[in-house]
Amino acid sequence: MFQPLLRITPPLLSSKSLRKSLFSSLSRQGHIFPIAIIGSGPSSFYTTKYLLDQNEDIHIDIYEKLPFPYGLVRYGVAPDHPEVKSVTNTFEEIFQSPKNQSRLRYFGNIEIGQDQTKQLSLSSLLSHYSAVILAYGAHSDHDLGLPNEHDISGVLSSREFVNWYNGHPDYQHLHRSKHLVDEEGKLRKIKNIVIIGNGNVAIDCARICMKDLTDLAKTDITKESLEWIEAIQTDLESVSIIGRRGHVQSSFTIKELRELSRLTNEQQPIPTVFHPDELQLGLTEASKKELDNNRPKKRIMELIDNIAKQSPPSESRKKIEMRFLLSPTQLIADPTDQHIQSIRLQRNELTGPPHEQKAKAIADEVQLPCDLLIKSIGYKSISIDPLIPFNKKTNTVNHKDGKALFESNSPYENKLFVTGWLKRGPTGIIGTNITDARETTSTVIETINSPKSASYPQDYDPIEVIQASSEESKNVFSQSIHWHQVQKINQVELERGERQEPKKLREKFTTRREMIQIAKS
Ligand code: NAP
């Protein structure tokens with residue numbers, strides 16, 4: 001049906017001349033390679049960019065379950081980090097580029113999955129595209145493993161909390177939920193927040209809760225969450241960030257700790273407090289070895305030492321506590337309304353060789369008052385369809401260089417690919433997706449080059465075929481949001497932000513209904 005493409009490896013991908021010759025050789029064949037990408041976060045956009053750059057016969061349809069794109073950039077990155085969010089400009093350019101005009105489409109408000117409530121099935125995409133790339137990230141949580149963590153109120157995962165304050169339509173119910181509102185419908189008073197886990201997401205949550213409202217009000221944080229933060233800051237005294245291992249093994253990065261330690265609220269510094277005994281306990285011989293030749297970690301240790309040396313200003317009523325070597329063992333709820341009241345933690349010590357040290361419980365226990373518990377122990381990916389070779393131990397898709405690996409023969413072998421958190425697990429910054437996307441791109445191109453892969457005539461449109469297959473799928477596409485409609489929503493959000501007092505970066509729509517209404521207006 002078509003001749004094999006050249007094999008492309010990442011270093012060659014950037015070669016303009018190679019690209020040119022590849023383009024012309026492929027165009028002559030008169031065939032296209034339509035590819036569906038599920039998800040529209042950073043991993044999806046980087047993969048889209050590299051695929052379109054490499055091969056002019058590749059056409060891409062991005063499917064997103066929400067009307068608006070950008071995934072973690074819009075709903076995960078903290079609102080007070082607009083410089084990180086500005087990567088969406090790069091993503092917009094991919095759509096605006098003239099060379100991509102007829103090769104790239106966006107279908108928002110279409111969910112892919114296998115169960116009845118989902119809108120389009122993965123198998124139907126696999127049947128009508130040359131390849132399908134899974135890029136839907138991680139939208140579930142790990143548990144602490146405590147008996148009542150799902151039964152009592154006031155216990156949220158950082159993912160839920162972050163999605164809520166960033167305006168994700170599926171998390172806006174939290175504002176009126178028992179977690180934040182009491183039985184009389186009033187916002188709960190919150191004096192002490194405890195965050196389990198000490199990665200950058202934990203730091204984001206702590207900073208947002210303690211941040212000066214004047215600064216926060218200018219960001220794209222939602223109106224409702226800003227009101228909540230304003231209300232809780234009256235009583236809020238402490239946010240405790242809890243690491244199960246020592247400070248040497250902490251997961252936050254230096255920039256985020258520095259920013260936290262410089263936080264002020266109403267011109268008062270908010271001290272970041274370390275406990276010297278915990279720093280001492282964590283500095284085992286193995287920890288010292290972990291620091292050898294590890295310049296970035298050593299710099300974090302220097303910063304911790306500097307912060308720990310500063311004595312907190314006596315006038316400060318609020319503080320952020322960085323606690324280490326503690327693991328939660330019991331969540332204690334108020335017997336009258338079953339809302340969290342305090343948390344019991346076991347003291348740990350470190351055991352094991354350098355870089356493999358684990359937390360081991362020792363006798364002591366600590367109890368902390370807690371009005372809101374945020375579990376920030378990592379995001380978790382889930383499978384959206386049983387035909388995905390999903391590894392339940394790693395919560396990622398089994399793959400080789402981005403190609404899904406099936407245990408037994410599957411008709412979808414060489415058709416299903418993966419990129420982003422679903423491929424490598426929930427770690428890394430936005431830029432980590434660049435290398436990841438390059439690898440998946442290279443594998444996709446190499447695979448569709450195989451004579452077994454499907455290519456289609458130039459005028460083939462997978463959407464037409466899918467729509468023709470059933471009335472339901474026709475309906476699905478009639479409700480979808482296209483790229484020019486995304487631009488409309490974007491424009492209205494920016495204008496709404498301009499009209500706020502003080503001006504905000506944007507005022508997001510927090511419901512699908514509002515977004516669809518603007519899109520279709
Ligand atoms: P993370 O960095 O992997 O941190 C997870 C934390 O949870 C670790 O402290 C881990 O401790 C702890 N943990 C895991 N299981 C636990 C358990 N059962 N009990 C107690 N603690 C437990 O994850 P994240 O904070 O969700 O961040 C995800 C990624 O996004 C990271 O790569 C992060 O750097 C990135 N991110 C970056 C920024 C930024 O650049 N500003 C902002 C947000 C997120 P152990 O080490 O002991 O397992």
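Computed over heavy atoms, backbone and side chain alike; hydrogens, waters and symmetry mates excluded. First listed ligand is number 1; within each ligand, the first listed atom is number 1.
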Looking at Phe68, is Arg74 sitting on its ring face, NZ or CZ under 6.0 Å from the six-membered ring centre and within 45 degrees of the normal?
-> yes

If you have a sec, work out which protein heavy atom is nearest atom 6 (C) of ligand 1 and how many Å separate them, to one decimal?
-> Ser376 O, 3.8 Å

Going by atom types alone, do Ser251 and Asn200 pair a side-chain donor with an acceptor below 3.5 Å?
-> no

Say whether Ser376 and Ser158, considering side chains only, have a donor N or O and an acceptor N or O under 3.5 Å apart.
-> yes

For atom 48 (O) of ligand 1, the option (of Lys255, Lys358, Arg159, Arg244) bearing the nearest heavy atom | Arg244

Distance from atom 38 (C) of ligand 1 to nearest protein heavy atom, with residue and atom = Asn200 CB, 3.5 Å

Nearest protein heavy atom under 4.0 Å from atom 26 (O) of ligand 1, yes or no = yes

Nearest non-hydrogen contact to atom 46 (O) of ligand 1 from the set Gln249, Glu256, Arg245 belongs to Arg245

Which protein non-hydrogen atom lies closest to atom 24 (P) of ligand 1, naming both residue and atom, and how far is it?
-> Val201 CG2, 3.6 Å

What is the minimum heavy-atom distance between Glu356 and Glu290, and which atoms define it?
-> N-OE2, 4.4 Å

Using side-chain contact (heavy atoms from CB on, under 4.5 Å) as the criterion, point out the one residue from Asn433, Val397, Val418 that pairs with Arg424.
-> Asn433

So which heavy atom in the protein is nearest atom 40 (O) of ligand 1, and how far is it from that ligand atom?
-> Ile429 CG2, 3.6 Å

Hey, are Ser238 and Asn192 close enough side-chain-wise for a donor-acceptor pair under 3.5 Å?
-> yes

Validate the cation-pi geometry between Arg496 and Phe509: distance from NZ or CZ to the six-membered ring centre under 6.0 Å, angle to the ring axis within 45°.
-> yes

Between Thr48 and the options Ile37, Thr419, Asp53, Ile35, the side-chain contact (heavy atoms from CB on, under 4.5 Å) test singles out Ile37

Closest non-hydrogen protein atom to atom 23 (O) of ligand 1, residue and atom name please, with distance?
-> Gly378 CA, 4.3 Å

Which atoms of ligand 1 sit under 4.0 Å from any heavy atom of Ile196?
-> 20 (C)

Atom 7 (O) of ligand 1 [closest protein heavy-atom partner, distance rounded to 0.1 Å] | Ile377 CA, 3.3 Å

Could you give me the CA-CA distance, side-chain angles and deciding distance for Ser44 and Thr47, then say whether side chain to side chain donor-acceptor pair (under 3.5 Å) is met?
-> CA-CA 5 Å; Ser44 163; Thr47 308; over 6 Å; no

Under 4.0 Å, heavy atoms only, figure out whether ligand 1 is touched by the backbone of Pro426, its side chain, both or neither.
-> backbone

Can you tell me which residue and heavy atom of the protein come closest to atom 3 (O) of ligand 1, and the distance to 0.1 Å?
-> Thr427 CG2, 4.6 Å

Tell me: protein heavy atom nearest atom 9 (O) of ligand 1, and distance?
-> Asn198 OD1, 3.0 Å

Mark the output for Gly243 as yes if a heavy-atom distance to ligand 1 is under 4.0 Å, and as no if none is.
-> no

Would you mind listing which atoms of ligand 1 come within a distance below 4.0 Å of any non-hydrogen atom of Asp204?
-> 42 (C), 43 (C)

Option with minimal heavy-atom separation from atom 1 (P) of ligand 1, where the choices are Gly197, Gly199, Ser158, Ala138 = Gly199

Evaluation steps, side chain to side chain donor-acceptor pair (under 3.5 Å), between Glu227 and His175 = CA-CA 10 Å; Glu227 281 165 12; His175 199 68; 4.8 Å; no

Hey, is Gly428 one of the residues with a heavy atom under 4.0 angstrom from ligand 1?
-> yes

Evaluate side chain to side chain donor-acceptor pair (under 3.5 Å) for Ser342 paired with Gln367, printing each intermediate quantity in order.
-> CA-CA 7 Å; Ser342 63; Gln367 189 158 338; 3.0 Å; yes

May I ask you to check if ligand 1 and Ser251 share an N or O to N or O distance below 3.5 Å?
-> yes

